[in-house]
Amino acid sequence: MPEASADIIRPDGAEKHFGAVSMDIIRLDGAEKHFGAVRALAGVDFSVRAGECVGLVGHNGAGKSTLMHMVAGTLTPDGGQIAVRGGVEASYSVPRAQQLGIRCVFQELSLCPNLSVAENTRINHASLHGFGWRRKAADLIAAKLDEIFPGHSISASDIVGDLSITSRQMVEVARAFTVTQEPLELVILDEPTSSLDAQTAGQLLAFVRRFIAAGKSCILISHVLGEVLGNADRIVVMRDGKVVAAGQADQFDRDRLVTAMGGAEAREKAAAEIASGKPGPGPLRVRARPPRQQDGNELVARAGEIIGLAGLAGHGQTDLLLAIFAAASRAKTGIEVTAPVALVAGDRQSDGIFPQWSIAENIGIRSLARLRNGLLISPQREAELAELWQRKIGIRTPDMNNNIFSLSGGNQQKALFARALGSDAKIVLMDDPMRGVDIGTKLEVYDLVREEARHGRTFLWYTTETEELDNCDHIYVFKNGRIVANLRRDELTEEKIIQSSFGDAA
Amino acid sequence: MLRSLLPALSLALVLIAIAWLNPRAISYFGFSLMLNLAIPIALATIAQMFVIAGNELDLSIGTFVGFVGCVTATWLKDAPLLGVVILLGSIGVYALLGALIHLRNLPSIVVTLGMSFVWQGLAILILPKPGGKAPDWLLALMAFKPPFIPFPIIAALLIAAVVHFGLMRTSYGVILRGSGGNSAALKRAGWSLLRTKIALFALTGLFGVLSGMALIGITTSADANIGNGYTLLSIAGVILGGGEFVGGRVSPIGAVIGALTLALAASPLLTFMHIPPDWQVAANGAILIIVLAARVLISRRER
Amino acid sequence: MASLRTLLARPWIWSFFGALLVWLATIAFTGGYGGGGMITAALSLAVFTVIVGVGQMFVITLGPGNVDLSLPANIGLASAVAMKVMDGNDAMIAVGLLAALACGMAIGAVNYLLIWALRIPPIIATLSASFVIQSVDISYGRGLQIKPPPGFADFTNWQVFGIPVLAILTVLFTIGAGIVLQRMIYGRSVLAIGQNIRAAWLAGVSVGRTRFLTYMLSGALGGLDGALLAGYFRGANVDIGNEYLLASIAVVVIGGTSVAGGKANVPGVWGAALFLVLLLTMLNTFGVSVGVRLVLTGLIIVGVITAAGGQKALR
């Protein structure tokens, strides 16, 4: 299959003048990479031409990030070669990539939280030094932010740690496009919109199209397939460390992409509708009013309900979930919680994972009291719990006693779901848990959530992806820390949500 | 905003307490006396601040200050060239420690804990009994009496300004602080983490040397145990100054203010309050607690 | 072969290896004379470091910035309290031990109160507290000349076949500490908090209670240690705990516990304590001066940690 990929790309009229080889900004031939026994990349051919946006899709663990680290010079391939503009690079490295104008926006944020926006810009530009560098750095990043995200409210002197995660991602993206001495030819965007709301994501993608039109190149990685289909010129699909399909973007549609990625079949919304025939609402589980709410609106959740929290990113949804979580152990005014609560974190690294522990220990931590045999925790019961959920949620690992980091990102997220669902909690809070998770995992988890709700569990589900709201019985739209709309599923349309998120009144 | 003013408010609090207990202390002579040891404490605090900026901790700074003191009171006076070479060499040792900690990925707490024994041992070997004498030029410098403003205050302002400019304003200072904030990002941008760690440790060594020399300039003679209290004082100074143990969040101005607060709180305040010698240490701890409690109250009101 | 490799991969094995090496070097120097007595003496002395080391280990495992600097002052005060309550009377031994434990626990509670109420780093809170405790001790223990009850002094020095009974009890205690750490909710909570305090809270761990219990535990062990030291050295003393500040931290970290938190190592505390005590014995046997002894101790600590290598960075 990998050999076939190169053939699909046929030079069009414009290229004939230069010849295909010299048009390649970067070309990897037979790139291989091993991490211990794991083969992350098995001989991948990949190239990007000038004036082209390449979309790269695949499940978590398919090898996309490894491939991009090679393009950026942060990883050295174990086999194969890298050529830039036709010339083979013997010792390709980060400084060399920078010199050649190749930049990268990685999935994990690479800003220093203790520094200002301007100082973070300085880190990526060795030439910003000497007298007046602070002014220069501030002007540089402010101009780029204005260009990409008009109407943003970020100041160059803001400390990054004080910014919202959305603003941080905006800074990170804008920084990658700033130019001083070194040229700018190719920018790798790895999930650049994962923390952006619809409006800023749209601004960014529009900017990327302008950037491409100016003859520059871009690699776009996204789990939002619509973004890739709508903005890439060419799409490369990866699976299990190989390229399994590649071609012009117009040769693909959503279904073809999903099939090529090897995920579960794309399903129709109808699946969600099955739940509509379920019995009436059960007893009250949560009643909560955001602290900044002035009118009588409040969030109400009953047993067996899946409640969606929608709206633009960072408008108080997470805060309310955390307040409900805190209220479960200590009484809080304005919030009523009648059953045990568990939370599924969206930001796995900072809110969920215990890096030193095995998968089984990571799952068991929420249920320790039930795993006891007398005073001591029973290793056997802990293993049983882990195995039960490995089967139920499909965690792909040979041994649940392996370290949690032996799992791919999507499977780590499944372990966090297992922690919450395997506990005695009757109320499960989900803090945008599908951020950057592949579609196969998503569909599996959606089914599980619906099933658990049928058995009487209550879910409060904050999500930035409108499609996910189809799984909810009831949706609250948030704006500026307040509930501004309250929709039943049959009233739900994307327009309605956007309208309430942006409008002044519900 | 108020958060960054907290160190200054702590200092003001202690000053008000002193003024209330003994108004005459608020004078040129009073400050010269009360801030007697402020310069070496401020320098040691700045030294500690550099390693903390890189997410490390130096538990050996106190005994290092003592070692420098012993070298200053002996070789630097009797054989100045040799003394200078030894002091420069000790800064080199700090740089090597930074390299070792980075290359072998060692916990700095343990390495510097070990080094605290080494410096103490060396100090005892140099000066088995208290003694020695500071070089005359150093004595003259530390006894300097400028008009209107006492020397310790001028020195503190100078130290704060120089370090603030170097760490907070220069383009390489950004890289040094960034290494504490997100070292992976820095590495990805092509900076050498080995070099930043060496630079931070060498700066700690440099300011440790300055602290030891300043201390001997004031006390005139040395003792192997003279700096032992400085390890904990310097850490407390950085924290009082608004610094944090991880994440590269430090402030040179805050650190100097924290050091001044500690220097003031240490002895003069207690003498004014007629506290018996048994309870002087307790009063030190109590003042530290009161200052920190005031800080909490202020930051709560802020919210 | 494979089991040897897994054994060598355990960080605590190095501290025992170091202790063995130091012991061999010493008996090589003395020509094999006094090897057994040296082990007995090392065990008796290591006990005191191990007891506070275990307390310090739980505290350090809570994560970056967590350390109990009040241990020396705590030990000093508790030794005085124990001696005063026992008052040289064999019948009062149990009451005296309880009083020392209570004194240590009260100090632990105050430490945590400061950390919690003032939201200050534990390193500063325990330091401030230790200043106050030190003064209380100076004032309370001034001129205290009370000897321990003979029964208590004998107990702390009691040996069976050259093995100190206190060491045997301490081994049992450390085994218990290991079980608490791995198999009880409290221990798991400590480990979880040390790895990621926010994730621990969100996973339902009662963070406040766990931290409170940990500082109480450290305080209690400091108090117990103070009483035992006073029994062993036949009298209380303000400075009796001074060397245990650095020693308690050193044995924890040389023993393979991560200073980044979330990873503790109980056997390593024993290995490191024996190593440090034997090292001191070796240098005394060699007859070196105080200065040389300190320099060598420091260099060996740095050398051991360099040879054992650091832990892989996690974040």
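A, B, ... follow the sequence lines: proteins, then strands. Residue 1 opens every chain.
Residue-level contacts of residues 288-300 of chain C with chain B, in order of numbering, are C:S289, C:V290, C:G291, C:V292, C:L294, C:V295, C:G298, C:L299; threshold 4.5 Å between heavy atoms.
Contact annotation for B:S116: only side-chain heavy atoms (C-beta onward) come within less than 4.5 Å of a heavy atom of chain C. Of the two parts of C:L246, the backbone and the side chain both hold a non-hydrogen atom closer than 4.5 Å to a non-hydrogen atom of chain B. Only the side chain of C:L69 comes within less than 4.5 Å of a heavy atom in chain B; its backbone stays farther off.
Taking B:I126, B:L122, B:V111, B:L113 one by one and counting their heavy-atom pairs under 4.5 Å with chain C, the maximum is reached by B:L113. Of all the listed residues (B:L232, B:L57, B:V118), the one sharing the greatest number of non-hydrogen pairs under 4.5 Å with chain C is B:V118. Counting heavy-atom pairs under 4.5 Å between each of B:I109, B:I101, B:L100 and chain C puts B:L100 at the top. Each of C:V136, C:I133, C:V252, C:V67 has some count of heavy-atom pairs under 4.5 Å with chain B, and the biggest count is that of C:V136. Interface remark: of the candidates B:G121, B:A123, B:S60, B:S108, B:G121 forms the most heavy-atom pairs closer than 4.5 Å to chain C.
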Verdict with reasoning, C:L62 to C:F58, per side chain to side chain contact (heavy atoms under 4.5 Å, CB included): CA-CA 7 Å; C:L62 282 176; C:F58 274 90; over 6 Å; no
Side chain to side chain contact (heavy atoms under 4.5 Å, CB included) evaluation trace for B:T45 with B:L233: CA-CA 7 Å; B:T45 305; B:L233 269 182; over 6 Å; no
Check against side chain to side chain contact (heavy atoms under 4.5 Å, CB included), B:I235 and B:L59: CA-CA 9 Å; B:I235 297 173; B:L59 295 184; 4.1 Å; yes
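The shortest side-chain heavy-atom distance between B:I289 and C:F131 does not fall under the 4.5 Å cut-off. Side-chain contact between B:I52 and B:M49 is absent, with no heavy-atom pair separated by less than 4.5 Å.
The residue from B:V51, B:I91, B:V93 that alone fulfils the side-chain contact (heavy atoms from CB on, under 4.5 Å) condition with B:F201 is B:V51. Partner of B:F67 under the ring-ring contact (aromatic ring centres under 6.0 Å, His included) criterion, out of B:Y230, B:F117, B:W119: B:W119 alone.
Using modelled atom types, one finds no donor on one side chain facing an acceptor on the other under 3.5 Å when comparing B:T204 with B:D58.
The ring-ring contact (aromatic ring centres under 6.0 Å, His included) analysis of residues 277-305 of chain C, with sequence neighbours excluded, yields the pairs C:F29-C:F286.
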